[in-house]
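The next block holds one structure in the form of structure tokens; read it before the comments.
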Amino acid sequence: MYGAVYDAELTIDQVLTALAGQPKEIVALTADLARTRLHDPPSRGAWSLNDVLAHLRSCSDVWGKYIATIIAEDRPTIRAMNPTTWIKSTSYPELEFAPSLRAFTKQRGELLALPRPLPKAGWSRIATVTGAGKPRERTVMEYARWLANQERSHVKHIGRIVTSRRTARPGRIRP
């Protein structure tokens, strides 16, 4: 998945900074792009910018819900949900890019309001996650770090799509 490193070590401050900044980076990278640039894939079988955003929203829904649940409940049990499965229950891939990006940015602000005030020990709150093999314990920090790292990978992916299409010769899109 485009070099995503979900478990790259990040501090709490780095996680918060990444989660706050990545939607802004997407806004900056995609500002003023035509609808066709946002919705058409750069090559056959590739994801469009809108597809990448839909994927990011799905991951944020799933992992953000886990973060909220772990913060709200004492040692909850959570049934695992793959964001790729979750996206099928949404209309994210069909939505227009700009309103979808606004919704993603708004949701991110709501998500960040949950872990930001936690004391350091709060980032170690645990849930038992079932449904994806052997039950495992996961923390607020693990899900927040996964989300930050995964998004970083896809923000770079968005940048590559935008750059490759800007530098392509007229009439030809490079893969």
Side-chain angles (χ1 to χ4, degrees), residues 1-2 4-30 47 49-158:
M1 178 173 303
Y2 301 98
V5 179
Y6 293 93
D7 57 356
E9 287 300 320
L10 298 173
T11 66
I12 292 169
D13 287 340
Q14 289 171 323
V15 167
L16 290 170
T17 298
L19 291 176
Q22 287 165 165
K24 294 172 189 171
E25 290 181 57
I26 296 169
V27 169
L29 286 166
T30 60
W47 284 2
L49 294 167
N50 200 59
D51 293 333
V52 177
L53 177 60
H55 172 72
L56 292 176
R57 288 191 66 191
S58 179
C59 292
S60 189
D61 285 353
V62 172
W63 295 338
K65 181 179 177 187
Y66 295 168
I67 291 168
T69 301
I70 297 168
I71 291 171
E73 299 177 25
D74 188 33
R75 295 188 64 88
T77 297
I78 299 171
R79 177 120 175 110
M81 166 67 72
N82 186 316
T84 304
T85 302
W86 171 250
I87 200 170
K88 294 172 186 171
S89 70
T90 75
S91 60
Y92 295 162
E94 290 79 37
L95 296 176
E96 289 297 316
F97 188 88
S100 188
L101 182 53
R102 283 191 298 272
F104 176 65
T105 301
K106 180 178 184 281
Q107 179 193 43
R108 179 50 48 81
E110 293 165 357
L111 173 62
L112 285 170
L114 299 173
R116 228 181 223 136
L118 288 177
K120 187 174 182 177
W123 288 77
S124 297
R125 290 179 61 89
I126 294 173
T128 300
V129 181
T130 64
K134 179 178 137 184
R136 296 181 183 264
E137 290 188 339
R138 299 287 186 216
T139 66
V140 170
M141 183 60 166
E142 285 176 295
Y143 282 116
R145 187 177 61 217
W146 287 348
L147 189 57
N149 283 323
Q150 183 262 1
E151 282 181 7
R152 180 179 57 209
S153 168
H154 285 296
V155 169
K156 289 177 183 177
H157 179 201
I158 288 169

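All values below come from the heavy atoms of this structure, side chains included, with hydrogens, waters and symmetry mates left out.
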ask   = Rounded to the nearest 0.5 Å, how far apart are CE of M81 and CG of D61?
value = 10.5 Å
query = Taking R75 for the side chain and T128 for the main chain, is one N or O donor matched with an acceptor at less than 3.5 Å?
reply = no
Separation between OH of Y92 and CD1 of I87, rounded to the nearest 0.5 Å = 8.5 Å
query = Is the Y143 ring parallel, tilted or perpendicular to the W146 ring (thresholds 30°, 60°)?
reply = perpendicular
query = Looking at CG of L29 and CD of Q22, how far apart are the two atoms once the value is rounded to the nearest 0.5 Å?
reply = 11.0 Å
query = Do R152 and L10 pass the side chain to side chain contact (heavy atoms under 4.5 Å, CB included) test, and can you show the C-alpha distance, the side-chain angles, and the key distance before you say yes or no?
reply = CA-CA 12 Å; R152 180 179 57 209; L10 298 173; 4.0 Å; yes
T105 side, atom OG1; K24 side, atom NZ - distance, nearest 0.5 Å = 9.5 Å
request  = For the pair T30 (side chain) and I26 (backbone), establish whether a donor and an acceptor sit closer than 3.5 Å, ignoring hydrogens and angles.
outcome  = yes
ask   = I158 versus E25: any side-chain heavy-atom pair under 4.5 Å?
value = no
Minimum side-chain heavy-atom gap E142-V129 below 4.5 Å = no
ask   = Does the side chain of E94 reach to within under 4.5 Å of the side chain of N50, using non-hydrogen atoms?
value = no
task = Check for a donor-acceptor pair, side chain of D51 on one end and backbone N or O of P93 on the other, with a separation under 3.5 Å.
result = no
request  = Step by step, work out the side chain to side chain contact (heavy atoms under 4.5 Å, CB included) result for L53 and H154.
outcome  = CA-CA 9 Å; L53 177 60; H154 285 296; over 6 Å; no
request  = For residues R138 and Y66, determine if any side-chain heavy atom of one lies less than 4.5 Å from a side-chain heavy atom of the other.
outcome  = no
query = Do you know which two heavy atoms are closest between L114 and A68, and how far apart they sit?
reply = CD1-CB, 3.5 Å
request  = List in chain and number order the residues that pass side-chain contact (heavy atoms from CB on, under 4.5 Å) with P83, two or more places apart in sequence or in another chain; answer none if no residue qualifies.
outcome  = S58, C59, V62, W63
ask   = With distance as the sole test, does R125 use its side chain to make a donor-acceptor pair with the main-chain N or O of I70 at under 3.5 Å?
value = yes
R116: which of L19, L16, I12, L111 passes side-chain contact (heavy atoms from CB on, under 4.5 Å) = L16
task = May I ask you to test the R108-E151 pair for a side-chain heavy-atom distance under 4.5 Å?
result = yes
task = Identify the two heavy atoms, one from L101 and one from P23, that lie closest to each other, and give their separation to 0.1 Å.
result = CD1-O, 4.5 Å
ask   = With no hydrogens and no angle check, do the side chains of R57 and S100 hold a donor and an acceptor under 3.5 Å apart?
value = yes
task = Establish, from distance only, whether the side-chain atoms of T11 and D13 form a donor-acceptor pair under 3.5 Å.
result = no
